[in-house]
Amino acid sequence: MGEILRLLDETYPKADCALHHRNAWELLAATILSAQCTDKRVNEVTPALFQKYPTMRDFAAVSQAELAQDIRSTGFFNNKAKSLIGAAKKIVGEFGGKVPRTMDDLLTVPGAARKTANVVLGTAYGIAEGVVVDTHVQRIAQRLGLTRNSDPKRIEQDLMAVLPREKWIKFSHQVILHGRALCIARKPKCAECPLNGVCRAKDKTA
Ligand code: SF4
């Protein structure tokens with residue numbers, strides 16, 4: 001594990017969240033929008049969105065139909081609009097307009113499942129409550145032999161067991177970059193991969 005972490009630090013020293021945001025609410029909203037959508041597309045949509053609705057209260061007040069049109073290009077826009085409005089109403093109504101700082105509270109917010117909660121806690125607040133497991137982390141944890149599970153919750157438990165807690169947040173950022181750059185789902189670029197020497201993946205290409 002130590003060598004994997006060392007190589008990730010060496011290769012992706014500045015890894016951070018790719019979703020543009022200025023505060024915890026914007027990160028939560030951007031993360032909800034990123035479901036089944038690229039971060040790039042979300043980053044194209046959010047500047048105008050946060051200009052039109054500068055605060056959480058603006059999201060709580062808009063109609064679902066209008067918000068859905070504003071986020072149309074991110075896909076699943078009706079569901080996402082419902083989640084955004086529901087999340088804003090919940091946080092304004094029950095948490096005094098402040099995005100909660102605990103996993104238990106965040107999981108009560110519409111649209112925020114464990115992955116989203118981990119993104120918000122880790123990136124907005126620097127709180128390591130868990131490990132973000134998205135499709136890249138899922139695939140690469142398996143390839144690197146860090147888990148034998150395929151269920152994201154179990155993969156997260158496996159990663160929490162093998163990673164030192166101070167790496168929980170950064171590890172996901174690094175692995176997500178690695179998944180985009182080299183360890184892509186189909187035909188990973190193993191010949192160029194700095195982790196080649198420590199990787200025993202069955203679908204290695206070199
Ligand atoms: S060697 Fe290939 S499969 Fe293993 S981590 Fe690198 S890119 Fe991924």
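Order of appearance sets the numbers: ligands from 1, and atoms from 1 within every ligand. Count residues from 1 along the sequence.
In this structure, CZ on R114 lies 4.0 Å from CD on E156, to the nearest 0.5 angstrom. Note: E129 CD to M160 CE = 8.0 Å, rounded to the nearest 0.5 Å.
Under a 4.0 Å N-O distance rule, the pair R6/E3 qualifies as a salt bridge. Between K167 and D9, at least one side-chain nitrogen of the basic residue sits less than 4.0 Å from a carboxylate oxygen of the acidic one, meeting the salt-bridge criterion.
Checked by atom type, the side-chain pair T55/D58 shows a donor-acceptor distance below 3.5 Å.
Protein N/O/S atoms found under 2.8 Å from atom 8 (Fe) of ligand 1, listed by chain and residue number: C183 SG.
Using the six-membered ring where Trp is involved, W25 and F59 have ring planes that are perpendicular, over 60° apart on the 30 and 60° scheme.
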